[in-house]
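Below is one structure, written out as structure tokens, with a few remarks after it.
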Amino acid sequence: MAKYVYDFAEGNKDLKDLLGGKGANLAEMTNLGLPVPAGFTITTEACQRFLAKGSHVDGLGDEIDRHLAGLEAAMGRKLGDPADPLLVSVRSGAKFSMPGMMETVLNVGLNDESVAGLSRQAGGNDRFAWDSYRRLIQMFGKTVCDVPGDEFEDALHKAKETKGVRDDVQLDADDLKSLVSAYKKVFSKHVGHDFPQDPRQQLDLAIEAVFRSWNADRAVLYRRQERIPADLGTAVNVVAMVFGNLGPDSGTGVAFTRDPATGESGIYGDYLQNAQGEDVVAGIRNTLPLADLEKIDKKSYDELLQIMATLEGHYHDLCDIEFTIERGKLWMLQTRVGKRTAAAAFTIAAQLVEEGMIDLDEAVTRVSGAQLAQLMFPRFDLSGDPTSLTRGVGASPGAAYGSVVFTSARAVELAAAGEKVILVRRETNPDDLPGMIAAQGILTARGGKTSHAAVVARGMGKTCVCGADQVEVGRDRFTVHGQVVHEGDVISIDGTTGRVYLGEVPVRPSEVVQYFEGDLDPALANEPLVAAVHQLMTHADQRARLRVRTNADTGPDAARARRFGAHGIGLCRTEHMFLGDRRELVERLILAHNKAERDDALAALRPLQRDDFLEIFREMNGLPVTVRLIDPPLHEFLPSLEELAVQVAVAKERGEESEEVERDERMLAAVRRMHESNPMLGLRGVRLGLVIPGLFAMQVRAIAEAAVALAAEGGRPRPEIMVPLVGAVQELETVRAEAEKIIAEVAGDSGVEVLIGTMIEVPRAALTAGQIAEAAEFFSFGTNDLTQMAWGFSRDDVEGAFFWRYLELGIFGISPFESIDRDGVGRLVRIAGEEGRAARPDLKLGVCGEHGGDPESVHFFHEVGLDYVSCSPFRVPIARLEAGRAAIESAGSDHR
Ligand code: ADP
Ligand code: MG
Ligand code: MG
């Protein structure tokens, strides 16, 4: 039979799947000899069983009995014993941290009798005992029995009002006794029976409530947002209570072993005296900076710093922790490898290398392309001296602006209508999650770097300023220094500096982009972040096997991509070269009556194309440039059918006769002729080249001429001609035969060599890759079209039409156009690569299209052995980093 319950002493940090992150790390700390209250963990498997059956799990009750007995023996107290009660907390904790998404109940075991026993334990501290009891009823009511939390809040508020005080701590034992009565009434009104007095029943109900909280709406939404699988379940930790609310020599706090926003080492955290659990993060009272603890309780402070150093040394990473001090005795209640900003991830990884804790390989795996993407976000340009409203804590970096909204619902509503919004709240709670997702950024008046808003925003990579305590938040406006900002007014928030501005502030490139551009302000060259990015990128490049090229069709784009580290161009589209003032030539080509007219138009286009290519070849001198022959259906270059039809009809009606009208009529006839019901599956790609004589030949000649021209300048052109939409080797052979003739003719003895290859984007091409490879020196997977054709998804239509439903149903977790569908489209890639290489061992394999810059997909392309990915210039650094990580990770798994 499965084992469902583990004592802390039985677990360790590697058992996160089974014990959840919290349980695994509590076990790890226990085994490190750190002061952790005794307790045990009920596994995620038990939760999965419970949720599947919807009722109790066989054998679980007995196991809990045994472990509870062990806990009671260790503590020398019995759960809820009226004379001398043991109290426990019942805490959720999944494999992946889901801050505040699920439930925890403290002080389980208290009832009308044991409250007196608790008071005696605390040396006759009635106030403390009744405070603990009212917290239990409140948390238990809310989480286990779905009593609306407001009603407890209201009762608490009323108690304070009656007494004329502001703070909870100013309520005395009698006040709290009355409050307990009021809470009990709230409880029975909503639940239909009294608050359960049996401690063991409290425990069982709390455990089941934690199980169920896995499927609470907000938890489901958070998982979808963070792509956490829905079937993992949560573990439940039952932990002997320690008390931070026993008086001024007690308290509770949270801390980071270094700054989670910048990575700098130091003392970061918040402390609250005479408080329990949630009070710190809830922002109910204003917390003290952790450094102040030194003055309050030097012994605990020193021990805490010591433990923090131990944890860093042990986990080799930034940790965040929760602790409680009970009458001068420090207890550790939680630790985990802490969430951090993108900037901190890079600087911390570099620092840990510097400190000798990890090596460079490890450091590269500790950062991600998604984080690098965040560092490439633009920053505010303050040269226009925007009106500064106030400053809070920069909790999650980025530069965001939008209209102010004050509720989650309003944020969702306006964002759905396409508006950018900033969600402004006094403090956020888990119910605000939909609004936080919808907003560009979040501004709160209370709470520090560890508040709910800060933690969740950092997790989502969303800009957040919190603790802007001069902001007074009302229902439809906020005021700051007498200035009123209404709902709908635009503000800008800087999540790095914490500054808040009125109006929309313009943005400029980030330091990291400046660094990639080679355009860094010298004053910033020694910034820890820039240095860290430089170090980790350099190492990633050294380790990467997969090369990164770029998609670029102009000289300036090519130049930028080269600065961003591109190893050539993987996709140079030629269609834009037929637009603008060249449209007229294309029309002439399409409308040509005879060969002479057509050749004329082509002859006019050729030198223009040659110049385009020459400029690009120059920028990429020495590196390969893959030019794709013209791909889109030709009617994309012609006027729209509807407009033209109306124009011609009107002219006819008026009896107009002119050369222009005649031309329009011919054009209309041509457009009608070329109209297609499924243009993406119609006359395009190689099919065009085979149908319109001279079109591909003109492009091939222009490419060869440009290459010869660069060689004549002393450059080293490496052109590659890519034929799109091939489905059969015969198509490619036909194009190839003509192209080879032209190249030989133009290149002569210039030494210029031109490779000829094809895109693999029609499923048939993938499935006949062995044949196609006979005529191709390279394959480039066009994964956009390949996805479109493999799934039968019309790309321009499906995402808006029904992908939301597919995502909701979990048919796929992410759009296959965003991240490669490994099982289907990926299989085609794998087959084509293997069979292509079997036929031609030196076949070069690459990918162009959106997937080339998607981190997940880059790992896949590494695994299947492609030579390069190609992506837009701004994605190049991201793909480089992921290519390095993929190589390091696969080397690591080979060792194992
Ligand atoms: P979350 O996952 O939301 O942080 P936790 O399970 O960590 O929830 O618990 C909520 C709060 O209660 C935390 O501040 C935690 O430190 C505190 N807490 C949990 N268990 C105990 C305990 N046994 N004694 C004292 N405080 C506790
Ligand atoms: Mg916690
Ligand atoms: Mg294509």
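Counting starts at 1 for both ligands and their atoms, in listed order. The first residue in the sequence is number 1, and the count goes up from there.
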Output yes when a side-chain donor or acceptor of [X] lies under 3.5 Å from a complementary backbone atom of [Y], and no otherwise.
| X | Y | answer |
| --- | --- | --- |
| Arg91 | Glu103 | no |
| Ser92 | Val210 | no |
| Asn274 | Pro248 | no |

Taking the basic N atoms (NZ, or NE/NH1/NH2) and the acidic carboxylate oxygens, is any pair closer than 4.0 Å for [X] and [Y]?
| X | Y | result |
| --- | --- | --- |
| Asp317 | Arg340 | yes |
| Lys160 | Asp168 | yes |
| Lys299 | Asp302 | no |

Point to revise | Rounded distance (nearest 0.5 Å) linking atom CZ of Phe152 with atom CG of Leu179 | key: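 One gets 9.5 Å once the value is rounded to the nearest 0.5 Å.
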
Review point. Just which atoms of ligand 1 are under 4.0 Å from any heavy atom in Val242?
Key: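 In order of number, 24 (N), 25 (C).
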
Check your understanding: Relative to the heavy atoms of Val239, which atoms of ligand 1 are at a distance of less than 4.0 Å?
Key ->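 Checking each atom against Val239, I get 23 (N).
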
Could you tell me whether [X] approaches ligand 1 through its side chain, its backbone, both or neither, with non-hydrogen atoms closer than 4.0 Å?
| X | result |
| --- | --- |
| Thr252 | neither |
| Gln276 | neither |
| Lys22 | side chain |
| Met241 | both |

Review point. Cation over ring, Arg135 on Trp130, under 6.0 Å and within 45°?
Key: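 No, Arg135 does not lie over the aromatic ring of Trp130.
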
Review point. Which residues pass the salt bridge (Lys or Arg N to Asp or Glu O under 4.0 Å) test with Lys53, sequence neighbours left out?
Key: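 Per chain and number, Lys53 pairs via salt bridge (Lys or Arg N to Asp or Glu O under 4.0 Å) with no residue.
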
Review point. Nearest heavy-atom pair of Ser300 and Ile325: which atoms, and what distance?
Key: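 Heavy atoms only, the tightest pair is CB-CD1, 3.6 Å.
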
Exercise for review: Report, as a single number, the protein N, O or S atoms less than 2.8 Å from the Mg ion (ligand 2).
Suggested key: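 Near the Mg ion (ligand 2), the number of protein N, O or S atoms below 2.8 Å is 3.
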
Practice item. Flag Ser89 as yes when one of its N or O atoms lies below 3.5 Å from any N or O atom of ligand 1, and as no otherwise. Key: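 Between Ser89 and ligand 1 (N or O atoms, distance only) the closest approach is under 3.5 Å.
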
Check your understanding: Ala240 near ligand 1, heavy-atom distance under 4.0 Å?
Key ->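 The answer is yes, since Ala240 has a heavy atom less than 4.0 Å from ligand 1.
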
